[in-house]
Amino acid sequence: MNEPRTYEHSVIEPKWQQTWESAKAYLVRDDLPREKCYYVLEMFPYPSGKLHMGHVRNYSIGDAVARYKRMRGLHVLHPMGWDSFGLPAEQAAIERGAHPGTWTYENIAYMRGQLKRMGFSYDWTREFACSDPGYAAREQDIFLDLVEKGLVYRKSSLVNWSTGLNCVLANEQVVDGKCWRTNMPVIQKELPQWYLRITHYADELLGNLSALEGSWPDAVLSQQKHWIGKSQGAEIDFAVEGHNDLKLTAFTTRPDTIFGVTFMSIAPEHRLLDRIVPDSHRAAVEAFKAEVRNVSAQERTGDTAEKKGVFTGAFAINPVNGHKVPLYAANFVVADYGTGTVMAVPAHDDRDHAFALKYGIEIIEVIQPVDPAKAKPVSEAAFTEAGVLAGNCAQFSGMPSDEAKIAITTWLTTSAKGRAVTTFRLRDWCLSRQRYWGNPIPYAYTDKLGAVPLRKSDLPVTLPTDVVFDGKGNPLEKHATWSVTANDGSPLSIRGPQGPEVARRETDTCDTFMESSWYFARYTCHDNTKPDLGCAAPLDKARVDHWLPVDLYIGGIEHAVMHLLYARFFQKALCDIGYTTKREPFKRLLCQGMVCMETLYRENPGEKKTYFYPDEIDVERDAKGRVFKATAKTDGAPVQIGRVQKMSKSLRNTVDPQSLVEQYGADSARLFVLSNVPPELDVIWSEDGIRGSHRYLKRLWVLCTEHAARLATVAPYAGKAADLAGADQSVVRKVHAVIKRCTDALEKDFAFNTAVAQCMELTNELKPDALKPEVLKLGLTTLVRLLAPMCPHICEELWRELGAPGDVTSAGWPAYDESEIAGDSVEYPVQVNGKIRGRVVLDRSLTGKALEDTAMAHETVKAAIEGKTIRKLIIVPGKIINIVVA
RNA sequence: GCGGACGUGGCGGAAUUGGCAUACGCGCUGGGUUUAGGUCCCAGUACCGAAAGGUUUAUGGGUUCGAGUCCCAUCGUCCGCACCA
């Protein structure tokens, strides 16, 4: 036995990182058959300053997959870059006077160092930042391609205005009526903005989701499905009494209920409302509109919001029966969904029912349940299911409601009073942002021509560097010359039909979700070691088609509808432009859980809680290890133990990955975030937890190094388990079983937690003194290979220490032999009426009578069946024996 | 309200997909090494019981020789969406 070497992670980790870097170990070629390739990608980070534990978890999972796939012999594309446009850079500019670019690129340099210190196996030659001139310029090219495809338009309408960011937001970025970034209220504002026609792809975005079932988390699929929100129904035109020149069109999914319409509701913002309202009711309607306008979005749509309306004084005519029904302006009708007008059928819609009761409006039943047991007076509750049309529905009476939907729509269509329509909840993507630190929208305006796209030869539009950040409005708008100066310094002009015209640039920049919508494609053809960046066009079709779709994409569930929907849309648009033929970007999606931690706080009556860092607290535990008391070290007074929550600075439940790496090493940190929990669940950080991971690596280290001399000269045991006895035999069997289980765990669900558990089990069985050296060597080299994707540095070091040839990655993932796992004998549990009464060890080949006899001869089994009749005997070969008695 | 996921020791979780419930880790208990320990090693640790043995996967029922796993109901938790006509 040797004196074991000390496990010095701070020495071996940088050593291997340098080795990998100088060997260019993770560069990948583009010219290999696709089936031998694998593209794994983690959502790239915003360069906020330094890595947090969420990054460490996300990238540890991705890196373990990348390294595992490499050990399986695949050529793995595993790139990294920076989502580097965005608001915090401008905030930093306001606060500390640094230019957003300076701040951003300093952060990138620092965080790149941190990623390298974690030992992640990226192909750094493909790295880029979205704010790099090369990437931003190519995105402007794509923007013009989108313009050409008719996917870009400018429209003035009510937009979501973030009071926190002072800029517009896309619908996806409004969460609970608040801004997704700042949590500040969002109000509605009328503004002209640039839009991307994502709705053009609504059907395909929805339809393709079914092909992703099983490969994407259900939660993401259902969120996207709901967000796209497809409804099939009809648009029906209602005449307005006294206005021959206009009509109100209502969208409904229940045209079968049209004979039950007793009123109509209209959005207060509806464009026709002012023309319809008679003077007698104008004051009341205006008052109602003002009331609706004055409440914020979340109050109007929140669950406590009261359904309210006001009679407009106008009447609509039901096209099927000529009935005259009152028109109400109602706060729950949304102007930009459907047509902003609803035909109300209180007998068959819950909300219309409540509204009718409140305002004393008639309720007419037109659908009757097929099952009479379900019949209830419609004055009590709306009947919202399918049924049969009642006798008051003219020629449609007696028709099942599903048939009537079609028949009535057909009738409306032939009478030119309506038409079949499919409506989506999905809105077009509002792309423009009134900010500096983003990619400029390549448009300009002239007095005569209005908005004109720039020509590709006039690109790129680059951001000026001499700007002032005072926190008020868009700095680009306030720049003296930028918006009227061409790239060559001359006054900006646009060639119109009558010659050049003076122009000024668009000062809006693109939503930063634009950059993250195609970066994964750009990685496939980007090379930052070459002057033309490897691909002068935005994308190189051959390479994009070679690598896409990404085999495995890993990131947080918070992007379920924003980034992941935009990226899917962009992929389709890029396809139609001709940059690729792959219509879906991500084959498999893994949404990793958050990194959480207990919170510690004190209540302050009437004020916010005071939170404590864990090292400011002492805890006491009872005999079972439950914490029952926590006190602050400073004053000894009690502190509340709060919920486990996502790490955040304001809750003081964070831990800095940097300090973990310094104290325990990157391998321990990586192992910790991969152990104990499957990737999609939240992981709870604890000091004890990381010490456990570190302790395990130290154990493995000692086990390998103290026997290094003895093991260096022998080869790992390569024979049959049957040729060994005792502990040697069971270790060989265990090795095969553990390899199988690790392989299955990673192949199926990326279940690193169970793979780690398997490795620990094997470690527990490796008792050096009881084993032949070649068996011990088999066990240890197997462990090192299985753990290498997760803890690459220590495994590479131990691989050498054990005297194994080459490096652990090229040694590959170990193989197993199924027949070596199970021995010739099986221990059968013997149940009597489903309860285990004994165990018998039998030859695997034994069947039938001999097996039954041995089982029943077992002492405790015999006692359990004594004096009873044997009804049935179930034998599952290799598994279990169950004796049924009565 | 609608949609989805899920309830397993003190805690995080495992269970080869209907076949030995509680793997692995944390914590805790006892013992040892150490001047010391945020060290390391050994043993124990679902519950009840002195033991024999019995009980246990939120609760109640069902299917089955056999259920954590399948079916039904109830309770509870988490997530998403929310006047979507």
Side-chain angles (χ1 to χ4, degrees), chain A residues 175-177 217-227 229-231 233 250-254 257 264-265 267 300-303 305-307 330-334 336-345 349-352 354-355 423-425 557 560-561 596 621-628 644 663 672 675-678 680-684 686-696 698-699 702 737 740-741 744-745 748 751 753-761 763-764 821 827-836 839 871-876 878-885:
Chain A
V175 177
D176 293 334
D218 288 342
V220 175
L221 295 176
S222 69
Q223 279 181 58
Q224 290 213 352
K225 191 176 169 193
H226 182 262
W227 191 262
K230 183 176 183 172
S231 303
F251 173 73
T252 181
T253 55
R254 293 293 303 272
T257 64
M264 294 197 61
S265 21
R300 183 170 163 190
T301 59
D303 50 5
E306 192 189 353
K307 288 172 184 51
N331 66 349
F332 56 83
V333 181
V334 186
D336 70 348
Y337 179 78
T339 58
T341 311
V342 182
M343 63 169 226
V345 186
D349 180 275
D350 290 328
R351 199 188 40 208
D352 294 344
F355 196 86
T423 297
F424 292 91
R425 204 188 92 108
I557 189 111
V561 281
C596 296
R621 292 170 187 274
D622 66 12
K624 299 220 167 184
R626 269 178 299 223
V627 174
F628 69 94
V644 167
Q663 191 173 358
F672 170 73
S675 316
N676 297 324
V677 203
E680 42 290 301
L681 293 192
D682 290 348
V683 63
I684 300 167
S686 73
E687 190 77 31
D688 289 326
I690 185 137
R691 277 213 306 274
S693 299
H694 188 59
R695 182 184 307 143
Y696 173 69
K698 275 193 290 185
R699 250 182 86 198
V702 169
K740 177 180 161 55
R741 291 194 193 132
D744 291 350
K748 204 172 115 233
N753 56 322
T754 55
V756 171
Q758 287 300 315
C759 290
M760 288 175 169
E761 270 193 54
T763 312
N764 291 342
I821 295 172
E827 188 190 61
Y828 279 96
V830 184
Q831 297 182 331
V832 177
N833 288 352
K835 284 194 196 302
I836 292 167
R839 288 162 197 283
R871 278 280 186 73
K872 208 167 175 182
L873 197 62
I874 288 110
I875 295 167
V876 185
K879 285 267 166 74
I880 203 161
I881 300 165
N882 192 8
I883 304 166
V884 186
V885 296

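Naming: A, B, ... by sequence-line order, numbering from 1 per chain.
Within the 3.5 Å criterion, the main-chain N or O of Gly878(A) finds a donor-acceptor partner in the side chain of Tyr828(A).
When the nearest nucleotides of RNA chain B are assigned to Met343(A) and Pro829(A) by heavy-atom distance, the more 5′-ward of the two goes with Pro829(A). Take the nearest nucleotide of RNA chain B for Asp744(A) and for Arg254(A): the residue whose nucleotide is more 5' is Asp744(A).
Within 4.0 Å (heavy atoms only), Arg741(A) reaches no atom of the nucleic acid at all. Residue Thr252(A) is classed as a sugar-phosphate contact, given heavy-atom separations below 4.0 Å to backbone atoms only. Nucleic acid contact class of Arg871(A) (heavy atoms, under 4.0 Å, all strands): none. Residue contacts shown for Lys230(A) are absent, as no nucleic acid heavy atom lies under 4.0 Å away. Nucleic acid contact class of Val876(A) (heavy atoms, under 4.0 Å, all strands): base. Thr754(A) comes within 4.0 angstrom of sugar-phosphate atoms only, judged by non-hydrogen atoms across all strands, and of no base.
In this model, the phosphate group of C26(B) is approached by a side-chain N or O of Arg695(A) to a distance below 4.0 Å at OP1 or OP2. A sub-4.0 Å separation between OP1 or OP2 of C81(B) and a side-chain N or O of Lys225(A) is absent. Distances shown here put every side-chain N or O of Tyr696(A) at or beyond 4.0 Å from the OP1 or OP2 atom of G25(B). Note on Asn764(A): a side-chain N or O is less than 4.0 Å away from OP1 or OP2 of G25(B). For the pair Lys698(A) and U39(B), the criterion of a side-chain N or O lying under 4.0 Å from OP1 or OP2 is not met. Between C84(B) and Arg351(A), a contact under 4.0 Å exists linking OP1 or OP2 to a side-chain N or O. OP1 and OP2 of C81(B) both lie 4.0 Å or more from every side-chain N or O belonging to Arg425(A).
Put simply, the side chain of Glu687(A) and the base of G38(B) share a donor and an acceptor less than 3.5 Å apart. Looking at Lys879(A), its side chain has no donor and acceptor atom pair within 3.5 Å of the base of U16(B).
Glycosidic conformation, U17(B): syn, with the torsion inside 90° of 0. An anti orientation is assigned to G80(B), its glycosidic angle lying beyond 90° of 0.
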Practice item. For each nucleotide in nucleotides 57-70 of chain B, reading 5' to 3', give B when a protein heavy atom comes within less than 4.0 Å of its base, S when such contact involves only the sugar-phosphate, and - otherwise. Key: --------BS----
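Across all non-hydrogen atoms, the minimal contact from Ile557(A) to Ala219(A) is CD1-CB, 4.1 Å.
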